[in-house]
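Note on naming: letters A, B, ... go to the chains in the order of the sequence lines (proteins, then strands), and numbering restarts at 1 for each one. These numbers were taken from a predicted model, which means no experiment stands behind them.
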Amino acid sequence: DTAVSQTPKYLVTQMGNDKSIKCEQNLGHDTMYWYKQDSKKFLKIMFSYNNKELIINETVPNRFSPKSPDKAHLNLHINSLELGDSAVYFCASSQDPNTQETQYFGPGTRLLVL
Amino acid sequence: QQQVKQSPQSLIVQKGGISIINCAYENTAFDYFPWYQQFPGKGPALLIAIRPDVSEKKEGRFTISFNKSAKQFSLHIMDSQPGDSATYFCAATTNNAGNMLTFGGGTRLMVKP
(Lines give C-alpha, C1' and ligand atoms only; values in the text may rest on other atoms or scores of the structure.)
Protein backbone atom coordinates (compact mmCIF):
# COMPACT_ATOMS: atom_id res chain seq x y z
CA ASP A 1 0.00 0.00 0.00
CA THR A 2 1.22 3.48 -0.86
CA ALA A 3 1.95 5.45 2.30
CA VAL A 4 1.62 8.96 0.83
CA SER A 5 -0.22 9.26 -2.47
CA GLN A 6 -0.79 12.25 -4.72
CA THR A 7 -3.08 12.87 -7.66
CA PRO A 8 -2.62 13.70 -10.39
CA LYS A 9 0.91 12.62 -11.18
CA TYR A 10 1.14 15.03 -14.10
CA LEU A 11 -0.74 18.27 -14.67
CA VAL A 12 -0.43 20.41 -17.79
CA THR A 13 -2.52 23.56 -17.90
CA GLN A 14 -2.73 27.06 -19.29
CA MET A 15 -1.76 30.27 -17.51
CA GLY A 16 -4.64 31.76 -15.57
CA ASN A 17 -6.37 28.45 -14.86
CA ASP A 18 -7.20 27.12 -11.40
CA LYS A 19 -6.09 23.62 -10.45
CA SER A 20 -6.00 21.32 -7.43
CA ILE A 21 -3.61 18.62 -6.29
CA LYS A 22 -4.76 16.00 -3.82
CA CYS A 23 -2.72 14.22 -1.17
CA GLU A 24 -3.63 11.34 1.11
CA GLN A 25 -1.57 9.49 3.72
CA ASN A 26 -2.45 6.16 5.30
CA LEU A 27 0.28 6.24 7.95
CA GLY A 28 -1.93 7.63 10.69
CA HIS A 29 0.27 10.72 10.92
CA ASP A 30 -0.93 13.97 12.44
CA THR A 31 1.13 16.35 10.30
CA MET A 32 1.19 16.93 6.56
CA TYR A 33 3.29 19.22 4.37
CA TRP A 34 3.51 20.65 0.89
CA TYR A 35 6.92 21.22 -0.71
CA LYS A 36 7.80 22.78 -4.06
CA GLN A 37 10.78 21.48 -6.07
CA ASP A 38 11.85 23.83 -8.82
CA SER A 39 13.62 23.07 -12.10
CA LYS A 40 16.98 23.20 -10.34
CA LYS A 41 15.81 20.55 -7.87
CA PHE A 42 15.68 23.01 -4.98
CA LEU A 43 13.18 21.84 -2.36
CA LYS A 44 11.31 24.37 -0.27
CA ILE A 45 8.51 23.96 2.21
CA MET A 46 5.27 25.76 1.45
CA PHE A 47 2.79 24.71 4.15
CA SER A 48 2.39 22.42 7.11
CA TYR A 49 -0.82 21.27 8.76
CA ASN A 50 -1.23 19.48 12.06
CA ASN A 51 -4.59 17.86 12.74
CA LYS A 52 -6.23 20.00 10.07
CA GLU A 53 -4.75 23.25 11.42
CA LEU A 54 -2.19 25.38 9.58
CA ILE A 55 1.12 25.58 11.48
CA ILE A 56 3.60 26.69 8.79
CA ASN A 57 3.01 29.08 5.91
CA GLU A 58 6.28 30.02 4.27
CA THR A 59 5.34 33.30 2.56
CA VAL A 60 3.60 31.53 -0.26
CA PRO A 61 1.44 33.73 -2.56
CA ASN A 62 -2.18 33.68 -1.52
CA ARG A 63 -3.04 32.14 -4.89
CA PHE A 64 -2.03 28.91 -3.15
CA SER A 65 -4.61 27.66 -0.68
CA PRO A 66 -4.14 24.40 1.19
CA LYS A 67 -7.18 22.61 2.54
CA SER A 68 -7.22 19.78 5.04
CA PRO A 69 -10.64 18.10 5.29
CA ASP A 70 -9.24 15.59 7.79
CA LYS A 71 -5.81 14.72 9.10
CA ALA A 72 -5.26 12.10 6.40
CA HIS A 73 -5.74 14.55 3.53
CA LEU A 74 -4.08 17.80 2.53
CA ASN A 75 -5.06 19.25 -0.81
CA LEU A 76 -3.46 22.18 -2.60
CA HIS A 77 -5.54 24.55 -4.69
CA ILE A 78 -3.79 27.02 -6.97
CA ASN A 79 -5.66 29.98 -8.48
CA SER A 80 -4.63 31.98 -11.53
CA LEU A 81 -1.69 29.78 -12.42
CA GLU A 82 1.50 31.51 -13.58
CA LEU A 83 4.44 30.22 -15.61
CA GLY A 84 6.61 30.33 -12.48
CA ASP A 85 4.34 27.84 -10.76
CA SER A 86 5.72 25.10 -13.00
CA ALA A 87 7.47 22.71 -10.63
CA VAL A 88 7.12 19.38 -8.90
CA TYR A 89 4.94 19.55 -5.81
CA PHE A 90 5.52 17.02 -3.07
CA CYS A 91 3.23 16.16 -0.23
CA ALA A 92 4.77 14.68 2.92
CA SER A 93 3.66 13.55 6.35
CA SER A 94 5.13 12.92 9.78
CA GLN A 95 3.79 11.84 13.11
CA ASP A 96 4.35 14.88 15.30
CA PRO A 97 5.38 18.46 14.41
CA ASN A 98 6.90 18.97 17.83
CA THR A 99 9.53 16.29 17.40
CA GLN A 100 11.99 15.87 14.60
CA GLU A 101 10.30 12.89 13.03
CA THR A 102 11.03 11.39 9.65
CA GLN A 103 8.97 12.95 6.90
CA TYR A 104 7.52 10.55 4.34
CA PHE A 105 7.17 12.02 0.88
CA GLY A 106 4.68 11.24 -1.85
CA PRO A 107 5.73 10.59 -5.46
CA GLY A 108 5.17 14.19 -6.53
CA THR A 109 2.89 16.03 -8.95
CA ARG A 110 4.61 17.49 -11.99
CA LEU A 111 2.87 20.75 -12.87
CA LEU A 112 3.57 22.46 -16.18
CA VAL A 113 1.97 25.82 -16.85
CA LEU A 114 1.96 26.87 -20.50
CA GLN B 1 19.18 33.57 1.84
CA GLN B 2 20.17 29.92 1.66
CA GLN B 3 20.58 28.68 5.20
CA VAL B 4 22.00 25.30 4.20
CA LYS B 5 24.64 25.24 1.48
CA GLN B 6 25.47 21.95 -0.21
CA SER B 7 28.37 20.97 -2.45
CA PRO B 8 29.15 19.72 -4.97
CA GLN B 9 26.12 20.14 -7.22
CA SER B 10 27.07 17.00 -9.10
CA LEU B 11 29.46 14.15 -8.47
CA ILE B 12 30.70 11.26 -10.57
CA VAL B 13 32.30 8.34 -8.76
CA GLN B 14 33.55 4.98 -9.96
CA LYS B 15 31.93 1.85 -8.56
CA GLY B 16 33.60 0.94 -5.29
CA GLY B 17 34.78 4.46 -4.64
CA ILE B 18 33.87 6.87 -1.84
CA SER B 19 31.28 9.57 -2.47
CA ILE B 20 31.53 12.64 -0.27
CA ILE B 21 28.90 15.38 -0.10
CA ASN B 22 29.35 18.42 2.10
CA CYS B 23 26.91 20.79 3.75
CA ALA B 24 27.33 23.97 5.77
CA TYR B 25 24.71 25.76 7.79
CA GLU B 26 24.34 29.21 9.29
CA ASN B 27 21.59 28.92 11.87
CA THR B 28 23.09 27.74 15.16
CA ALA B 29 19.61 26.82 16.36
CA PHE B 30 19.54 23.86 13.95
CA ASP B 31 19.75 20.68 15.99
CA TYR B 32 18.74 17.86 13.68
CA PHE B 33 20.40 17.09 10.36
CA PRO B 34 18.82 14.46 8.09
CA TRP B 35 19.94 13.36 4.64
CA TYR B 36 17.35 12.49 2.05
CA GLN B 37 17.86 10.42 -1.09
CA GLN B 38 15.76 11.03 -4.19
CA PHE B 39 15.63 8.78 -7.24
CA PRO B 40 14.38 10.16 -10.57
CA GLY B 41 10.61 10.46 -10.63
CA LYS B 42 10.28 9.69 -6.93
CA GLY B 43 9.88 11.64 -3.73
CA PRO B 44 12.79 12.12 -1.31
CA ALA B 45 13.26 9.40 1.32
CA LEU B 46 15.14 9.64 4.59
CA LEU B 47 18.56 8.01 4.37
CA ILE B 48 20.27 8.80 7.66
CA ALA B 49 20.17 11.59 10.25
CA ILE B 50 22.35 12.98 13.04
CA ARG B 51 22.03 15.25 16.05
CA PRO B 52 24.89 17.59 17.03
CA ASP B 53 25.68 15.75 20.25
CA VAL B 54 27.63 13.16 18.25
CA SER B 55 30.37 13.69 15.69
CA GLU B 56 29.66 10.67 13.52
CA LYS B 57 26.85 8.27 12.71
CA LYS B 58 27.19 5.19 10.56
CA GLU B 59 24.51 3.04 8.97
CA GLY B 60 25.85 0.39 6.65
CA ARG B 61 27.82 2.08 3.87
CA PHE B 62 26.51 5.54 4.80
CA THR B 63 28.24 7.75 7.36
CA ILE B 64 27.48 11.29 8.50
CA SER B 65 30.37 13.30 9.92
CA PHE B 66 29.41 16.36 11.95
CA ASN B 67 31.58 19.32 12.95
CA LYS B 68 29.59 21.58 15.26
CA SER B 69 32.24 24.28 15.65
CA ALA B 70 32.60 24.63 11.89
CA LYS B 71 28.84 24.30 11.34
CA GLN B 72 29.48 21.64 8.72
CA PHE B 73 28.37 18.10 8.12
CA SER B 74 29.00 15.61 5.38
CA LEU B 75 27.72 12.35 3.94
CA HIS B 76 30.18 9.63 3.03
CA ILE B 77 29.07 6.71 0.89
CA MET B 78 31.59 3.91 1.07
CA ASP B 79 31.91 1.31 -1.69
CA SER B 80 29.60 3.35 -3.91
CA GLN B 81 27.33 1.30 -6.18
CA PRO B 82 25.49 2.19 -9.39
CA GLY B 83 22.25 1.77 -7.41
CA ASP B 84 23.34 4.71 -5.25
CA SER B 85 22.98 7.02 -8.25
CA ALA B 86 20.42 9.56 -7.11
CA THR B 87 20.11 13.13 -5.86
CA TYR B 88 21.08 13.62 -2.23
CA PHE B 89 19.78 16.43 -0.07
CA CYS B 90 21.09 17.51 3.28
CA ALA B 91 18.59 19.26 5.53
CA ALA B 92 18.33 20.87 8.92
CA THR B 93 15.64 21.75 11.40
CA THR B 94 15.22 23.16 14.87
CA ASN B 95 13.33 21.68 17.76
CA ASN B 96 10.62 24.33 17.73
CA ALA B 97 10.13 24.79 14.00
CA GLY B 98 7.17 22.49 13.52
CA ASN B 99 9.53 19.92 12.00
CA MET B 100 10.11 22.33 9.12
CA LEU B 101 13.02 21.07 7.01
CA THR B 102 15.42 23.53 5.39
CA PHE B 103 17.07 21.71 2.50
CA GLY B 104 20.41 22.17 0.82
CA GLY B 105 20.49 22.56 -2.93
CA GLY B 106 21.03 18.86 -3.67
CA THR B 107 23.87 16.81 -5.15
CA ARG B 108 23.32 14.66 -8.20
CA LEU B 109 25.46 11.55 -7.74
CA MET B 110 26.32 9.22 -10.59
CA VAL B 111 28.19 6.02 -9.83
CA LYS B 112 29.80 4.54 -12.92
CA PRO B 113 30.00 0.75 -13.23
Side-chain angles (χ1 to χ4, degrees), chain A residues 2-7 9-10 21 23-25 27 29-51 53-60 66 74 87-110, chain B residues 1-11 21 23 25 27 29-54 57 59 64 85-110:
Chain A
T2 304
V4 182
S5 59
Q6 295 179 228
T7 54
K9 189 170 182 179
Y10 299 96
I21 306 172
C23 177
E24 177 181 2
Q25 55 95 3
L27 296 167
H29 288 165
D30 290 338
T31 309
M32 296 184 73
Y33 313 81
W34 277 110
Y35 287 86
K36 179 180 180 180
Q37 187 171 47
D38 63 22
S39 57
K40 296 183 179 179
K41 296 280 195 181
F42 188 68
L43 263 170
K44 185 170 169 54
I45 191 164
M46 300 173 68
F47 300 102
S48 172
Y49 269 71
N50 184 53
N51 274 324
E53 290 192 13
L54 180 69
I55 56 172
I56 295 173
N57 180 343
E58 279 295 293
T59 60
V60 178
L74 181 62
V88 182
Y89 292 84
F90 288 100
C91 177
S93 73
S94 69
Q95 179 57 46
D96 185 341
N98 298 315
T99 62
Q100 287 147 334
E101 302 268 343
T102 300
Q103 292 188 23
Y104 294 84
F105 284 76
T109 295
R110 284 140 190 86
Chain B
Q1 181 187 2
Q2 193 174 350
Q3 292 197 58
V4 180
K5 295 184 180 179
Q6 184 172 345
S7 62
Q9 286 187 330
S10 62
L11 181 61
I21 304 170
C23 285
Y25 62 97
N27 186 350
F30 286 145
D31 60 0
Y32 180 67
F33 302 88
W35 285 86
Y36 279 77
Q37 179 188 52
Q38 184 180 26
F39 291 106
K42 305 291 185 184
L46 180 68
L47 185 64
I48 186 173
I50 196 168
R51 296 188 186 279
D53 53 346
V54 296
K57 184 173 182 181
E59 290 183 2
I64 302 177
S85 298
T87 301
Y88 292 81
F89 293 92
C90 61
T93 185
T94 66
N95 196 30
N96 59 354
N99 201 16
M100 184 181 85
L101 290 171
T102 299
F103 282 95
T107 296
R108 196 169 297 189
L109 171 66
M110 180 186 297

> For Q9(B), does the CD atom sit with more than 12 other heavy atoms under 6.0 Å from it, leaving out its own atoms?
Replying inline: no

>> If we define contacts as heavy-atom pairs under 4.5 Å, which of R110(A), K44(A), Q6(A), K40(A) has the most with chain B?
In response: R110(A)

> Do other residues, nucleotides or ligands put more than 12 heavy atoms under 6.0 Å from E53(A) CD?
Replying inline: no

> Given that the side chain runs from C-beta out, which part of Y104(A) has a heavy atom under 4.5 Å from chain B: side chain, backbone, both or neither?
Replying inline: neither

> Between atom CD of Q103(A) and atom CE of M100(B), what is the distance when rounded to the nearest 0.5 Å?
Replying inline: 10.5 Å

> By a 4.5 Å heavy-atom criterion (distance strictly below it), what part of Y32(B) contacts chain A: side chain, backbone, both, or neither?
Replying inline: both

Side-chain atoms of residues 38-49 of chain B: list all donor-acceptor pairs with protein atoms under 3.5 Å, sequence neighbours left out, distances to 0.1 Å.
unit_1: Q38(B); atom_1: OE1; unit_2: Q37(A); atom_2: NE2; d: 3.0
unit_1: Q38(B); atom_1: NE2; unit_2: Q37(A); atom_2: OE1; d: 3.2
unit_1: Q38(B); atom_1: NE2; unit_2: K42(B); atom_2: O; d: 2.9

> Are Y36(B) and L43(A) side-chain neighbours, meaning at least one heavy-atom pair lies under 4.5 Å?
Replying inline: no

>> As a quick check of understanding, evaluate side-chain contact (heavy atoms from CB on, under 4.5 Å) for Y33(A) and L101(B), giving each step before the final call.
In response: CA-CA 10 Å; Y33(A) 313 81; L101(B) 290 171; over 6 Å; no

